[in-house]
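The model shown is predicted, which means the values in this text are computed figures rather than measured ones. Just so we're on the same page: letters track the sequence lines, and every chain starts at 1.
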Amino acid sequence: MIAMIEKFRSRHDRALLLIVFWLLLALFGPLCSSHDPGAIGSQSVFSAPSVAHLLGTDYLGRDTLARLLNGIRHTVLLCFASTLVSCSVGTFLGIAAVTARPWVEALTGRLADGFLSIPSLLFALLVIAVFGTSTTALIVTMGVIYTPGAYRTSRALAQRIARLDFVTVARARGESTPYIILQEILPNMAGPMITDVGLRFIYSVLLLSNLSFLGIGVQPPKVDLGSMVRENMLGMAYGSPAMIVPVVVIGILTVGINLALDSSSGRR
Amino acid sequence: MAATIQVDNLEIVGRRGKGTELPIVCNVSFSVQRGEMLALIGESGSGKTTVALSLLGHIRKGCRIAGGTIRVAGYDVTALTSHECRSIRGRVISYVAQNAGSAFNPALSIMRQVVEPALVHRTLPRRDLEARAVSLFRALALPDPETIGERYPGELSGGQLQRLMAAMALMTDPEVVVFDEPTTALDVTTQIEVLSAFKAVFAERGITGVYVTHDLSVVAQIADHAVVLKDGAIREAGTVSKILFKPEDPYSQALLAAAEPRSRQADLARQPEQRSLLDVRNLVVGYGQRTAAGLPEKVVVNHVSFSVPKGRMLGVIGESGCGKSTLARAISGLQPWAAGELLLNGEPLTGNVRERTPDQRRHLQLVAQNADSVLNPSKPIGQTLARVVRFYGGLRGAAATRRVNELLDMVRLSPSLASRLPSELSGGQKQRINFARALAADPQIVLCDEITAALDTVVAAAILDLMKELQRDLGLSFIFITHDLHALQSICDLIAVLYAGQAVEVGPAMALGKGVHHPYTRLLHDSVPLMEPGWLESTRIRRADETMPATLLNSLSLDPELCCFLARCPDRVSGLCDRVPPPVRSVPAGPRVLCHLPAPICSEFLT
Ligand SMILES: Nc1ncnc2c1ncn2[C@@H]1O[C@H](COP(=O)(O)OP(=O)(O)OP(=O)(O)O)[C@@H](O)[C@H]1O
Ligand code: SF4
Ligand SMILES: [Mg+2]
C-alpha cells in the first residue's frame, strides 16, 4: 500500500488521487448527513445555515447539505461512468487504428472528425429528445460525445509509441498483436492517458451540469449539482447557500482537477 | 571583455531513489570567449552532458546545483526562475541533442517542428522563418533542401534528423549553442560536410559553442579549447593542441590511446571457408506505391547481394541515408521487399515476419539502432529479458531467472540490474541489454544496426570486444551495420560498402586499405578524420575540386542504370562512366566491385 502511494506520488498523479477522493465522497458522502434529502424538514425556505441545517434549507425547506451530498453523488458517478465509457472506447479505437489494417484508421478517423464537428450540447439535446433522460441515456450520450477526443489522444500516443524500436523488436520477435498492445504500448500510454481521463471528466461535469441546469439532465426526485442550481435560482436574491454552494462545488471540482493535471504534466 | 560563458566552481549533486546525495559534478570551472568553441571531452557517465545541460539551466530530475555560478551571455543562469530559463532557451542559447531521432514528433512535418521554437520567440514571421530554414538545410548539406521540410521524421534517416535538429537550434540565431555529440551518429563523409557547415555558420554569426564529444579527432577539427572530464571533475584543460599532442594528465593520455584504431581480428580468417548462413540475393527494397515496372516509387536498397558465412562477421558501411537500416529491416522481415530473395540456411525467408517459422525468427535477431528507444521504458529489464526467454525457450520461474542472470553475465552486467528500469541505465548498459535480448533467443545470426553509434569510444570498444568474444565462443554470425570504418576494420571479416542503396563493393575486410577498391571505398577511407588541425579544411577543398559541377550533372539525362557514384567520383572517365552502366568486377584475392575501373588505394591514404 505504501509502495503504491509512493508510486502515485513519484508519478505525480495527483489528479488521479483527487478523482478517487471525489469518488469516495460520492459513494460515502450521503451517509454523513442524518437528513433525508427528499424530506421537507423545515417550514422556512431558503433559511440561513443553522445547527440543524448546516447549509440552510432549499426552496422547499429541504436540508441543503443532504441534497448537496446527494447531488455530488449523481454528478460524480454519472460523469465518472461516462468518462469510463468514452476513454475506454476511445483508447480501444485509437489503438486499433494504429495496429489494425489501414482502413480501420481511415474509417474511425472520419467518424471521429464527423462527431467532433457537431456541437456537444446540440448533440446531447438531440439524443435526449429521442431517447429520454434516463441515467443510462445520459451516460451513453456523454460517453459518445467525448469518445472522439479520447480516440484522437490515444491514437496520437499509440502512433508515437508504436514507432519506437522496442515495439519493432517485439514485432520482429513475432509477438502477437494483443501482446504488443497490452504489454508494450498500453503501459507507456498510461501517464498521458490519465491526464486525458481527467480532462474528459471535467468536460462531462460541465456538460452534465449544463444539461441539468436546462432541465434535461438528471430529473427529480434525483438531484445533481446542475439541477440544484436551477431549483434554487430564486434563492439568489437571498444569497442562499442552496444556490451558491453547488456552483462553488462545481468550480472546485473542475478547477481542482485541472490544476492537479497541470502540475502533473508540468513535471513530467 | 567578459567571457560569453563563465562557469565557476560548479557543483551538482544527485540521488538515485532514496539514497543519499552523491556529487555528479564537482568544482568545475571554465570560460569560453565570444566566438570560440570549447570541447567537453569524457567517457559516458563523466558528467559532460550534465555540465552542458546546466548551461541551459536544465538539471535532470533528482539532481540539483549545490554550488557555483554559471553565467551565459550576461545571464546568471543559476539565479533564473524556470520561466526565465525557458525564455532564454532557444533565443539566447540552444541545444542540439545526441539522439535526434527521439527529439522529433513523428506526427508533425519537419518544417513545422523546425520553425516552432523560433515562432515561440516571435523573432520573424513564419514565411521568413521557412526561407531561413531552407537556407540552413542547404548549409547543412541536407538532400532536397526545398522540400525536405514537408516530410515526416519517420521518412528520414538518423543522420538526416541529426542535421535537422541542428538547423532547428540555429533557427533563432542564438548566441550560444550547446552540441551534445551531434556527429556521433553520422558517417565520415557526412561528418565532414556537417562539421564544415557548423564551422562556417559559427564563423559567420560569431556563435559561441560548447561541443560535447568523445571523438578526439573531431575535437581537433572544430574546437579551440578543450576540457577533459572524468567522474565529474576536470582532469585537464587547455588549448586543443596542448591536450591532443601534449597531454599531461594520465587520463587524457589513456583517452588518446583508446582512440587509436586497434585490431581485434583473430586468426579466424585463416580457418577454412564456412558454408553460408544467410544469403541476400538481388534484394530490392523501397517505399511508396509500386510503379508499372513492379518496383517501388522510391528504391532505397537496389539489387544488393551478399552472403554471410557461418560464424563470420559482415560489416555493412555507408553514409547516412544510404539504406543500411532499411536493409536491416528487410532482412528481419519488417519491411517487405519488391524483388530478390533471402535465404537462411538455404531456405527462403518471406518478407513478412509473421509468416516466418518460429525457428527462423529465433535464428535471426535484430539489435536496433537507437539505444534510447529499444527498451520498453515501463518494464524492468529483467522482465524484458524473461519475456524473450519464455517466448522462445518456454522457460518460466526459476529457470527463466537463471537464464536471465546468465545472459546478463554474458554481456558483463551484474544480475542486480535486473530490477532496474531502462531509464536508470547508462547508454552503454542499455546497449548491452539490447544485446542480451537478442542473445536470449539463442540466435545463429545477429543484425546489429549502428549499435555503437551513440556510445563513446571506451564503451564502444568494450561492446566491440564483447561481439568478438560472442562470435568466437558461441560461433555466432553477425551483420554489423556501421558508419565507423575503424570499428568495421577492427572486427569484421567481410565488408559490404553501400552507396545510394547499391552494394558497390563486397569483399574481405583484410583487403581494406590495400589493393584495388571502388572509388567510394577510397573516399570513405580518406574521410576518417585525422587528429591534425586543418585537416578538415584541406579535405574539404580537395573534395570540392573532385566533385562534378552541378551544371554538368543536370545536363546529363540521369539514367538510373548508370553508376550511382558518378556525381562524386574523382576517377570517372567521361564517355564511359556517363554512358555505360558499370559492370561487376572481381578483383583477384580482393573485393567484388561495381565500377569501370576499380581504383588502387594509394599508400598516402593508408592509416
Ligand atoms: N517510411 C519511409 N518512407 C519513405 N522514405 C523512407 C522511409 N524510411 C526511410 N526512408 C528513406 O530511405 C532512405 C534510407 O533510410 P535508412 O534509414 O535505411 O538509412 P541509413 O542508411 O540507416 O541511415 P543512417 O546511417 O542515418 O541511420 C533515406 O533517404 C530515408 O529518407
Ligand atoms: S563507374 Fe566510373 S564513375 Fe562510377 S565509381 Fe567507377 S570510375 Fe567512378
Ligand atoms: Mg540507420
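Heavy atoms of A:Arg163 lying under 4.5 Å from chain B belong exclusively to its side chain. Neither the backbone nor the side chain of A:Ala156 comes within less than 4.5 Å of any heavy atom in chain B. Only the side chain of B:Arg437 comes within contact range of chain A, with at least one heavy atom under 4.5 Å from a heavy atom of that chain.
Between A:Met142 and A:Cys79 the shortest side-chain heavy-atom distance falls below 4.5 Å. Between A:Leu23 and A:Phe80, some side-chain heavy-atom pair lies under the 4.5 Å cut-off.
When A:Gln183, A:Arg171, A:Glu175 are compared by the number of non-hydrogen pairs under 4.5 Å with chain B, A:Glu175 comes out ahead. Ranked by heavy-atom pairs under 4.5 Å with chain A, the first of B:Asn434, B:Val374, B:Asn376 is B:Asn376.
B:Arg387 forms a cation-pi arrangement with A:Tyr179, by the criterion of a distance under 6.0 Å to the ring centre and an angle within 45° of the ring axis.
Salt bridge B:Asp359/B:Arg362: present, at least one basic N to carboxylate O contact under 4.0 Å.
Exactly one of A:Leu78, A:Asp224, A:Leu207, A:Leu138 qualifies for a side chain to side chain contact (heavy atoms under 4.5 Å, CB included) with A:Ser212. That residue is A:Asp224.
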